Engineer: 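Have a look at the structure that comes next, please.
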Amino acid sequence: MAVSVLVVTTAPAAATTPDPLAPYLTQQVAWGSCPFAKRIEAQPAQCARITVPRDWAAPGAGTDLEVAISRAAATGSRRGAILVNPGGPGGRGTSLAGALAGLEPALNEHFDVVGMDPRGTGQEGGDDAGFVCRVPTGRLPEEDDLDARDRSAASIAQHQRAPRAVAEACQSDAVAPYVTTWQTAHDMDLIRALLKDDRLNYLGFSYGTWLGAKYASLFPDRTGKFVLDSSVNFEGRLQAAFEAFPKIDQRQFDDVYAPWLARRYPEQLGKTAGQVRAKWERLRAFFKREGLSPDIFDHVFVGNGSTRQWLTGALILTKGAAALDGTPAAPPPAALEEDLDDVSRAVFGVPAASLTPAGVVRTLAEPEPDYADVPGTRLAVACADQPSRTSGWYKLLSDLQGPTYPLFGWAYGLSEPCGYWSELPRHELPKLPPSAAKNVLVVQGEFDPQTGYEQAESAARAAGVPMVSVADSPFHGQYAVSGNSCVDDLVNGFYLGAARPAATICPGVPLPGEKAVFPVPGPAGEPEAAPAAAPRDGLSTARQRLQDAISAVNRGR
């Protein structure tokens, strides 16, 4: 059992023995303006930086670190704080606090919504880039048309260059051993102490579910109400969530995305899911001829967990189809026209009507600088929270997953830096004890392509906590960002004093550009109520933008 070292109330120490925690627990939080731009719909927030030990196992030893935090203060009678985390590992959460407070004003009335840029991530909007691994591009693959389906020895060797170089660059940084979930959980408890709260409430998305569950495991007596949204199996291996990407990506693409494309673009892409998949293969070859690496083309559809990513894929496929077939570009579906144009401007820098296959290739195949800057927190956490598999094991995983899950199965096992990570965990991460589990609720979309339904279900079952499932949902992030009133009502009720909900299957909401839900058989089962349209109101764009951001933070696999 791991021993948590942050204790606010301790027995009196000898007068000659200074408390090594005192400098951290007695620091004053200097709230001020935030360096990131505020969205119009977000609640005002203040920001600060707090000092944390480099190593909570030896406070005072080594150079201290700083962690950025934010606070959207309760607008009414305060009941405590809810710390929020967007996932990653390595996602910055300071702007998330005000954004969520703006989307859920009833919650913000009684709770400070508190964000954190976890150790190693620097400060959102500021000059501190955090823990960045400088990888010489000369050590990266020499070929610019990589295709993981090519199983030649030369191709496999080229694919394995990048993960090896990245892992070695990140491990060479002296801070790497101290950027872990165990350390960050102790930072969280310091935030609770500095806020002068007896218990910490929490909302975490994706990897944030692992972080929240491990805080609750280390500090069960200080665990308030915890909502774990789009969950990994926090009772198992964190790396297993990444290893499941090929399976859950293929399932979402085959069962949900391809049928949606067939409904929205039947004349260009095919009238059935099977025809869409065949056209996708032809377009993969077409874009290769145009100069886009097949690996890069594939990756557009990996972690396809948000509206923005869905529409990016649709733009690439339809523009490619027009060129491939030698036909004029078909007009976009009227219900998607405005959103497609917004996405095209944001991703490709031109209106949708002006986008061409050459523009797609130019954007996605940008030349590399002399050094590639890789955020180190994702790797330090994912590869060192628990013992890693070897590169040989990941190569075998690629051989096994590729034939069944070709979208990402061939590539994933060749691209995982954890296969080259030699640092061993320094601290044990315990499982969730019953005393903390009674305060935890899991929320999960059925076809989430970034955290698989089975992962969340296994965690909830093993920990003995209820799960709110969202039938037919293919997106990453549910509460507050999907426009699903069933989910929002259950979660808000839990935070605001209602009994923790029992296991529930909420109906999904219509997919982009549609007014009805098209049910798909899957692991969640049937919803307990009829689907209802997601509200299209003044906050719809804000919800979608935040869901897109949460998905993007968690696509880095």
Side-chain angles (χ1 to χ4, degrees), residues 144-147 149 249-250 252-367 406-408 449 474 510-515 518 544 548 551-552 555:
D144 58 7
D145 62 346
L146 288 178
D147 185 348
R149 296 184 187 181
D249 283 338
Q250 195 74 49
Q252 191 230 44
F253 185 91
D254 290 346
D255 296 349
V256 188
Y257 190 55
W260 176 80
L261 289 169
R263 293 194 298 270
R264 298 295 91 201
Y265 301 96
E267 302 306 322
Q268 287 183 283
L269 301 180
K271 298 180 180 180
T272 67
Q275 290 175 353
V276 169
R277 289 193 295 270
K279 191 63 168 281
W280 184 91
E281 288 287 348
R282 292 178 59 204
L283 288 168
R284 186 178 190 269
F286 166 79
F287 274 105
K288 180 179 180 179
R289 295 193 296 271
E290 295 296 306
L292 186 65
S293 157
D295 283 358
I296 294 176
F297 179 84
D298 292 351
H299 201 70
V300 170
F301 307 93
V302 171
N304 199 17
S306 73
T307 298
R308 174 167 168 159
Q309 201 60 30
W310 272 42
L311 298 184
T312 298
L315 283 166
I316 292 171
L317 295 176
T318 54
K319 297 299 180 180
L324 176 66
D325 298 339
T327 58
L336 291 173
E337 185 172 6
E338 182 178 346
D339 289 339
L340 284 165
D341 197 63
D342 289 344
V343 168
S344 183
R345 292 174 187 273
V347 175
F348 301 106
V350 296
S354 303
L355 182 62
T356 64
V360 169
V361 174
R362 188 165 51 248
T363 298
L364 298 184
E366 292 180 350
L407 179 65
F408 193 42
L511 298 177
E514 298 186 327
K515 295 182 179 180
F518 291 79
Q544 179 177 308
D548 291 345
S551 177
R555 288 190 74 233

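Fair warning: this is a prediction, and the values are worked out from it, not measured in the lab.
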Engineer: Less than 4.5 Å apart, any side-chain heavy atom of D298 and any of W280?
Structural biologist: yes

Engineer: Going by heavy atoms in the side chains, are S344 and V350 under 4.5 Å from each other?
Structural biologist: yes

Engineer: Where do D325 and E267 land on the side chain to side chain contact (heavy atoms under 4.5 Å, CB included) test, with the steps shown first?
Structural biologist: CA-CA 11 Å; D325 298 339; E267 302 306 322; over 6 Å; no

Engineer: Output yes when a side-chain donor or acceptor of K319 lies under 3.5 Å from a complementary backbone atom of A352, and no otherwise.
Structural biologist: yes

Engineer: Quick one: pull up CG in D249 and CG in N304 and give me the separation to the nearest 0.5 Å.
Structural biologist: 8.0 Å

Engineer: Tell me the ring-ring contact (aromatic ring centres under 6.0 Å, His included) pairs involving residues 316-362, sequence neighbours left out?
Structural biologist: none

Engineer: So, does Q275 use its side chain to make a donor-acceptor pair with the main chain of K271 at under 3.5 Å?
Structural biologist: yes

Engineer: Residues in salt bridge (charged side-chain N to carboxylate O under 4.0 Å, His left out) with D145, at least two apart?
Structural biologist: none

Engineer: Could you give all pairs that pass the ring-ring contact (aromatic ring centres under 6.0 Å, His included) test and reach residues 319-344, with sequence neighbours left out?
Structural biologist: none

Engineer: What pair of heavy atoms forms the shortest contact from G291 to A365, and how long is it?
Structural biologist: O-CB, 4.4 Å

Engineer: Measuring from D342:CG to Q544:CD, what's the distance to the nearest 0.5 Å?
Structural biologist: 8.5 Å

Engineer: Taking the side chain as every heavy atom from C-beta outward, state whether P294 and R284 have any pair of such atoms under 4.5 Å apart.
Structural biologist: yes

Engineer: Check E281 with R149, please: is the shortest side-chain N to carboxylate O separation under 4.0 Å?
Structural biologist: yes

Engineer: When rounded to the nearest 0.5 angstrom, what is the spacing between CD in Q268 and OG1 in T327?
Structural biologist: 6.5 Å

Engineer: Looking at residues at least two apart in the chain, or sitting in another chain, which of them share a salt bridge (charged side-chain N to carboxylate O under 4.0 Å, His left out) with R264?
Structural biologist: E514

Engineer: Check whether any side-chain N or O of D341 sits under 3.5 Å from a backbone N or O of P351 as a donor-acceptor pair, and report yes or no.
Structural biologist: no

Engineer: Looking at NZ of K279 and OG1 of T318, how far apart are the two atoms once the value is rounded to the nearest 0.5 Å?
Structural biologist: 10.5 Å

Engineer: Where do T307 and D548 come nearest, in terms of heavy atoms and distance?
Structural biologist: N-OD1, 3.4 Å

Engineer: Can you give me the closest heavy-atom contact between A314 and L261, atom names plus distance?
Structural biologist: CB-CD2, 4.2 Å

Engineer: Any side-chain heavy atom of F287 sitting closer than 4.5 Å to one from I316?
Structural biologist: yes

Engineer: Closest approach of P474 and P449, non-hydrogen atoms and distance?
Structural biologist: O-CD, 3.2 Å

Engineer: Using a 3.5 Å distance criterion without hydrogens, assess whether the side chain of T363 forms a donor-acceptor pair with backbone atoms of G359.
Structural biologist: yes

Engineer: Minimum heavy-atom separation for A258 to V276, with atom names?
Structural biologist: O-CG2, 3.7 Å

Engineer: Run the side chain to side chain contact (heavy atoms under 4.5 Å, CB included) check on T312 and F301 step by step: do they pass?
Structural biologist: CA-CA 9 Å; T312 298; F301 307 93; over 6 Å; no

Engineer: Taking it one step at a time, do L269 and L283 satisfy side chain to side chain contact (heavy atoms under 4.5 Å, CB included)?
Structural biologist: CA-CA 10 Å; L269 301 180; L283 288 168; 4.3 Å; yes

Engineer: Give the C-alpha distance, both sets of side-chain angles, the deciding distance and a yes or no for side chain to side chain contact (heavy atoms under 4.5 Å, CB included) between L407 and Q252.
Structural biologist: CA-CA 11 Å; L407 179 65; Q252 191 230 44; over 6 Å; no

Engineer: Can you tell me how far apart CG (L511) and CG (L336) are? Round to the nearest 0.5 Å.
Structural biologist: 10.5 Å

Engineer: Keeping R308 on the side-chain end and V343 on the backbone end, is there a donor-acceptor pair under 3.5 Å?
Structural biologist: no

Engineer: Who pairs with Y257 by ring pair (Phe, Tyr, Trp, His ring centres under 6.0 Å), at least two apart in sequence or on another chain?
Structural biologist: F253, W260, W310

Engineer: Are the side chain of E290 and the backbone N or O of A358 linked by a donor-acceptor pair below 3.5 Å?
Structural biologist: no

Engineer: If you take all heavy atoms of V302 and R555, which pair is closest and at what distance?
Structural biologist: O-NH2, 2.6 Å

Engineer: State which residues pass salt bridge (charged side-chain N to carboxylate O under 4.0 Å, His left out) with D295; sequence neighbours excluded, sorted by chain then number.
Structural biologist: none

